[in-house]
Peer 1: 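Right, I'll just put the structure down here and ask away after.
Keep in mind it's a predicted model, so treat the numbers as computed, not measured. Throughout, protein chains are lettered first and strands after them, A, B, ... in sequence-line order, and every chain is numbered starting at 1. Heavy atoms only: backbone and side chains are in, while hydrogens, waters and symmetry mates are out.
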Amino acid sequence: MSILIRNTLSGAKEVFVPHEDGKVKIYVCGVTVYDDIHMGHARSMIVFDTIVRYLRHCGYDVTHVTNFTDVDDKIIRKAAEEGVGALELSARYIGHYFEDAAKLGIRKADIYPKASEEMDSIIEMVGEIIEKGFGYATDDGSVYFSVDKVKDYGRLTNQKIEYMESSGRVALDEQKRNPMDFAVWKAAKPGEVSWDSPWGKGRPGWHIECSAMIRKYLGDEIDIHGGGNDLIFPHHENEILQTEAVTGRPLSKYWMHNGMLQVQGEKMSKSLGNFFRVRDVSQKFDRYAIRFYFLNTHYMSPLLYSEEMLAEARTSLERLANNYTDLKAYVKQGPSGDGDVCDVTDEYRTGFMDAMNDDFNTRAAIEVMFQLARVTNKSMSEGTLSREGAAKFVRLLDEFNGILGIFPEDAGKDDGALDSVMGILIDLRAELRKRKAYDLSDLIRDRLGDAGIRLEDAGDGVKWKKI
RNA sequence: GUCGGGGUAACACAGUGGCUAUGUGGCGGACUGCAGAUCCGCAUACGGGAGUUCAAUUCUCCCUCCCGACCCCA
């Protein structure tokens, strides 16, 4: 079964066929580092982290590149306010980025290029754009891309750019030959961080860094280019123009865009100020709840953000996590049998993979996990599941979890010393209960609860877990 | 205005031309000394209109409402 990807370029789901068999080159737009990342960024990061995990799970050799925009107007402005250097400021937030990404269980990209460290390839590309007649330098030392030189501007946005509302907010710059022209190189103002170039001191335009880094690290044509859907225009549209002006070849075969996170009906964004930092949210919710919350919907849909939603995600997830730890425990306690549940586990695996293959439908994949939970919970309580069968389900859930990352991999892990101590306590408590000394048995349960261990008296035994 | 994504039961969010969605919450049971977990059952759906069809929530068209993009933005 092949993977279908909704390609922004065509608007349709297309069968995924990478340029090179078995290999995937993916570039995901990172963040502009002038502040901590917020939950909107988290969504994008978790979505593409999961996609990369899945592609790897399917056997693809994936090269994943995510950039940092560390030179930019806002960074410069904020650095000036704080009285620090622009690169000093961005370095600080890059540090925060990695701390926060770790809190979200994000697996690292292979390469994290920074605009400030890629000046040679950026300047080279700007030069090529001019050479090939797609750009022009102005008197003040800026370089603009000339949109009149391309015939199909708007391919990704799926419309003629001239039909888009001219909001009047496009900077009226007399240096530009066409108001839609955009800067690939910006002349430095006095005191700004800058680099030497053939056009004078300056810094890269927003879009050029991605074009240059992709080319340097992944080549002229990549397989997947991803990012938030707010980047489609102008950022990705302009990347296409720049790269294709230079290479004459399509930048990316597939374009994927995740939907925005909304706060009270509005997009969460730094400029609106209605954002929630990952570092704050993760004080209250762990990575598993956060990941579940995001993966419990399709990556393209808009998603409402609220603490209530996160809390609900946490509750829902607990059901799956309970099932997982229960199965692990059952492997040790359950009756032995022929363990021939192969067909059954295959059914769930197929269901899960079918969902993931259909444009990475994590929501539908999670539904399969809930079905699995219900069925195995039942067969465990009835004792009809063998320990060998339970072990197979555990391996299957490990497989799923390797892709989604929604519960701790070491959940229910053996802890010899604690295991035996708990065994003693549970036996002791069972004896007390037999003698109807409930005050004491309840005291043990309460005190264990205080210590972070939850006891559950199930019909067929006592379960305990760390919480 | 142009383009894109949506409107599914209390809430969230999948999906399908006819067959039990799923989770949270609610109600009622089972289990239980209690608590919790788990299981079983119940209730509330597919924005509006027209069309295609034996049959549409699912396809087509029209309308309407919401969100997003068009300065920066995941």
Peer 1: What's the CG-P distance between A:Leu310 and B:C13, to the nearest Å?
Peer 2: 12 Å
Peer 1: Pairs under 3.5 angstrom, nitrogen or oxygen only, protein versus nucleotides 15-19 of chain B, please.
Peer 2:
| unit_1 | atom_1 | unit_2 | atom_2 | d |
| --- | --- | --- | --- | --- |
| B:G15 | OP1 | A:Asn361 | ND2 | 2.7 |

Peer 1: Can you see if the side chain of A:Thr362 gets near the phosphate of B:C13 - specifically, an N or O under 4.0 Å from OP1 or OP2?
Peer 2: no
Peer 1: Tell me: CG of A:Leu156 to C1' of B:U2, nearest whole Å?
Peer 2: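 The answer, rounded to whole Å, is 16 Å.
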Peer 1: With rounding to whole Å, what would you report as the distance between B:A56 and B:C40 at their P atoms?
Peer 2: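 My reading of the P atoms in B:A56 and B:C40 gives 33 Å.
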Peer 1: Quick one: label A:Glu382 by what it contacts on the DNA or RNA (base, sugar-phosphate, nothing), any heavy atom closer than 4.0 Å.
Peer 2: nothing
Peer 1: Output the rounded distance in Å from NZ (A:Lys378) to C1' (B:U20).
Peer 2: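 Computing the A:Lys378:NZ to B:U20:C1' distance gives 13 Å.
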Peer 1: Less than 4.0 angstrom between a side-chain N/O of A:Lys267 and OP1 or OP2 of B:A69, yes or no?
Peer 2: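 Result: yes.
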Peer 1: Under 4.0 Å between any heavy atoms, over every strand shown, what does A:Ile232 touch: base, sugar-phosphate, or nothing? Just pick one.
Peer 2: nothing
Peer 1: Can you list every stem that RNA chain B is part of, counting only runs of 3 or more consecutive Watson-Crick or G-U wobble pairs with both distances under 3.5 Å?
Peer 2: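 Output for stems: B:1-7 with B:64-70, B:10-12 with B:22-24, B:26-30 with B:38-42, B:47-51 with B:59-63.
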Peer 1: May I ask you to say what A:Arg433 touches in the nucleic acid, namely base, sugar-phosphate or nothing, with a heavy-atom cut-off under 4.0 Å?
Peer 2: base
Peer 1: When we call it a touch if two heavy atoms are under 4.0 Å apart, what does A:Ser441 touch: a base, just sugar-phosphate, or nothing?
Peer 2: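 If one applies the 4.0 Å heavy-atom cut-off, A:Ser441 turns out to touch a base.
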Peer 1: Looking across every strand, which nucleic acid part, if any, lies under 4.0 Å from A:Gly30 by heavy atom: base, sugar-phosphate, or nothing?
Peer 2: sugar-phosphate
Peer 1: A:Ser282: what forms a side-chain hydrogen bond (donor to acceptor under 3.5 Å, both in side chains) with it, not counting sequence neighbours?
Peer 2: none
Peer 1: NA contact type, A:Glu456, heavy-atom cut-off 4.0 Å: base, sugar-phosphate, or nothing?
Peer 2: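 Result for A:Glu456 = base.
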Peer 1: With a non-hydrogen cut-off below 4.0 angstrom, is A:Thr297 in contact with a base, only sugar-phosphate, or nothing?
Peer 2: sugar-phosphate
Peer 1: Calculate, to the nearest 0.5 Å, the distance between atoms NE2 and NZ belonging to A:His38 and A:Lys270 respectively.
Peer 2: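 The NE2 atom of A:His38 sits 6.0 Å away from the NZ atom of A:Lys270.
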Peer 1: B:G47 and B:A21: how far apart are their P atoms, nearest whole angstrom?
Peer 2: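 It comes out at 16 Å once rounded to the nearest Å.
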Peer 1: Are the ring of A:Tyr438 and the base ring of B:G33 both nearer than 5.5 Å at their centres and tilted by less than 30°?
Peer 2: yes
Peer 1: How long is the line joining CE of A:Met380 and P of B:C31, in whole Å?
Peer 2: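 Computing the A:Met380:CE to B:C31:P distance gives 21 Å.
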Peer 1: Can you label the angle between the A:Tyr112 ring and the A:Tyr97 ring as parallel, tilted or perpendicular, going by 30° and 60°?
Peer 2: perpendicular
Peer 1: For nucleotides B:A45 and B:C3, find the distance between their C1' atoms and express it as a whole number of Å.
Peer 2: 31 Å
Peer 1: Does any N or O donor sit under 3.5 Å from an N or O acceptor when you compare the side chain of A:Asp457 with the base of B:C34?
Peer 2: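 Looking at the base of B:C34, it does pair with a donor or acceptor on the side chain of A:Asp457 (distance under 3.5 Å).
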Peer 1: Specify whether A:Phe360 and A:Tyr54 have parallel, tilted or perpendicular ring planes, treating 30° as the upper limit for parallel and 60° as the lower limit for perpendicular.
Peer 2: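 Perpendicular.
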Peer 1: Compute the ring centroids of A:Phe407 and A:Tyr288, then answer whether they are less than 6.0 Å apart.
Peer 2: no
Peer 1: Would you compute the distance between atom NZ of A:Lys25 and atom CD1 of A:Ile214 and round it to the nearest 0.5 angstrom?
Peer 2: 11.5 Å
Peer 1: For A:His207 and B:C72, what is the distance between atoms NE2 and C1' respectively, to the nearest whole Å?
Peer 2: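 Result: 10 Å.
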Peer 1: Check whether the side chain of A:Arg445 and the base of B:C34 form a donor-acceptor pair under 3.5 Å.
Peer 2: yes
Peer 1: What's the closest nucleotide to the A:Arg319 side chain, out of B:A74, B:C39, B:A69?
Peer 2: B:C39
Peer 1: Base, sugar-phosphate, or nothing: which does A:Lys463 touch, judged by heavy atoms less than 4.0 Å apart?
Peer 2: sugar-phosphate
Peer 1: Contact class for A:Leu317 vs. all strands (heavy atom < 4.0 Å): base, sugar-phosphate, or nothing?
Peer 2: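 Contact class for A:Leu317: none.
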Peer 1: Is there any salt bridge (charged side-chain N to carboxylate O under 4.0 Å, His left out) pair reaching into residues 227-242 of chain A, and which pairs are they, with sequence neighbours excluded?
Peer 2: A:Asp230-A:Lys267
Peer 1: Tell me what A:Met260 touches on the nucleic acid: a base, only sugar-phosphate, or nothing, going by heavy atoms under 4.0 Å.
Peer 2: base
Peer 1: Between B:A35 and A:Arg454, is there an OP1 or OP2 to side-chain N/O distance shorter than 4.0 Å?
Peer 2: no
Peer 1: Could you give the CG-to-C1' distance, from A:Asn258 to B:G68, as a whole number of Å?
Peer 2: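 Interatomic distance, CG of A:Asn258 to C1' of B:G68: 12 Å.
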Peer 1: Round to the nearest Å and state the distance from A:Leu455 atom CG to B:G33 atom C1'.
Peer 2: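 Those two atoms, CG and C1', are 16 Å apart.
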Peer 1: So what does A:Met45 hit on the nucleic acid, given a heavy-atom distance under 4.0 Å: a base, only sugar-phosphate, or nothing?
Peer 2: nothing
Peer 1: Confirm from the modelled atom types if A:Glu312 and B:G23 form a donor-acceptor pair under 3.5 Å, side chain to base only.
Peer 2: yes
Peer 1: Give one of base, sugar-phosphate or nothing for A:Ile366, where a contact means two heavy atoms less than 4.0 Å apart.
Peer 2: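 Here A:Ile366 touches no strand at all.
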Peer 1: What residues form a ring-ring contact (aromatic ring centres under 6.0 Å, His included) with A:Tyr93, not counting sequence neighbours?
Peer 2: A:His96
Peer 1: Think A:Asn229 has a side-chain N or O under 4.0 angstrom from the OP1 or OP2 of B:G68?
Peer 2: no
Peer 1: I want to check one thing: is the phosphate of B:A74, taken as OP1 and OP2, less than 4.0 Å away from some side-chain N or O of A:Lys270?
Peer 2: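 Yes, within the criterion.
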Peer 1: Which is true for A:Asn322 with a 4.0 Å heavy-atom rule: it touches a base, it touches only sugar-phosphate, or it touches nothing?
Peer 2: sugar-phosphate
Peer 1: Any chance you could measure A:Thr69, atom OG1, to A:His235, atom NE2, to the nearest 0.5 Å?
Peer 2: 6.5 Å
Peer 1: Between A:Arg6 (CZ) and B:G5 (C1'), how many Å, whole number?
Peer 2: 8 Å
Peer 1: Just to be sure I understand the rule, does A:Asp230 reach a base, reach only the sugar-phosphate, or reach nothing, if contact means heavy atoms closer than 4.0 Å?
Peer 2: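 Counting heavy atoms under 4.0 Å across all strands, the contact made by A:Asp230 includes a base.
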Peer 1: Could you tell me how far B:G5 sits from B:G49 if I compare only their P atoms? Round to whole Å.
Peer 2: 24 Å
Peer 1: Would you say the side chains of A:Asn238 and A:Tyr153 form a donor-acceptor pair under 3.5 Å?
Peer 2: yes
Peer 1: With a 4.0 Å cut-off on N to O distance, would you call A:Arg203 and A:Asp73 a salt bridge?
Peer 2: yes
Peer 1: Between side-chain atoms of residues 42-50 of chain A and protein atoms elsewhere (two or more places apart, or another chain), which donor-acceptor pairs fall under 3.5 Å?
Peer 2:
| unit_1 | atom_1 | unit_2 | atom_2 | d |
| --- | --- | --- | --- | --- |
| A:Arg43 | NH1 | A:Gly259 | O | 3.0 |
| A:Arg43 | NH1 | A:Met260 | O | 3.3 |
| A:Arg43 | NH1 | A:Ser301 | O | 2.8 |
| A:Arg43 | NH2 | A:His298 | O | 3.0 |
| A:Arg43 | NH2 | A:Tyr299 | O | 3.3 |
| A:Arg43 | NH2 | A:Ser301 | O | 2.7 |
| A:Ser44 | OG | A:Asn258 | OD1 | 3.0 |
| A:Asp49 | OD1 | A:Arg107 | N | 3.0 |
| A:Asp49 | OD2 | A:Arg53 | NE | 3.0 |
| A:Asp49 | OD2 | A:Arg291 | NH1 | 3.0 |
| A:Asp49 | OD2 | A:Arg291 | NH2 | 2.8 |
| A:Thr50 | OG1 | A:Ile46 | O | 2.7 |
| A:Thr50 | OG1 | A:Arg291 | NH2 | 3.4 |

Peer 1: Roughly how many Å apart are B:C54 and B:C11, using the P atom of each and rounding to a whole number?
Peer 2: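 Looking at atom P only, B:C11 and B:C54 are 37 Å apart.
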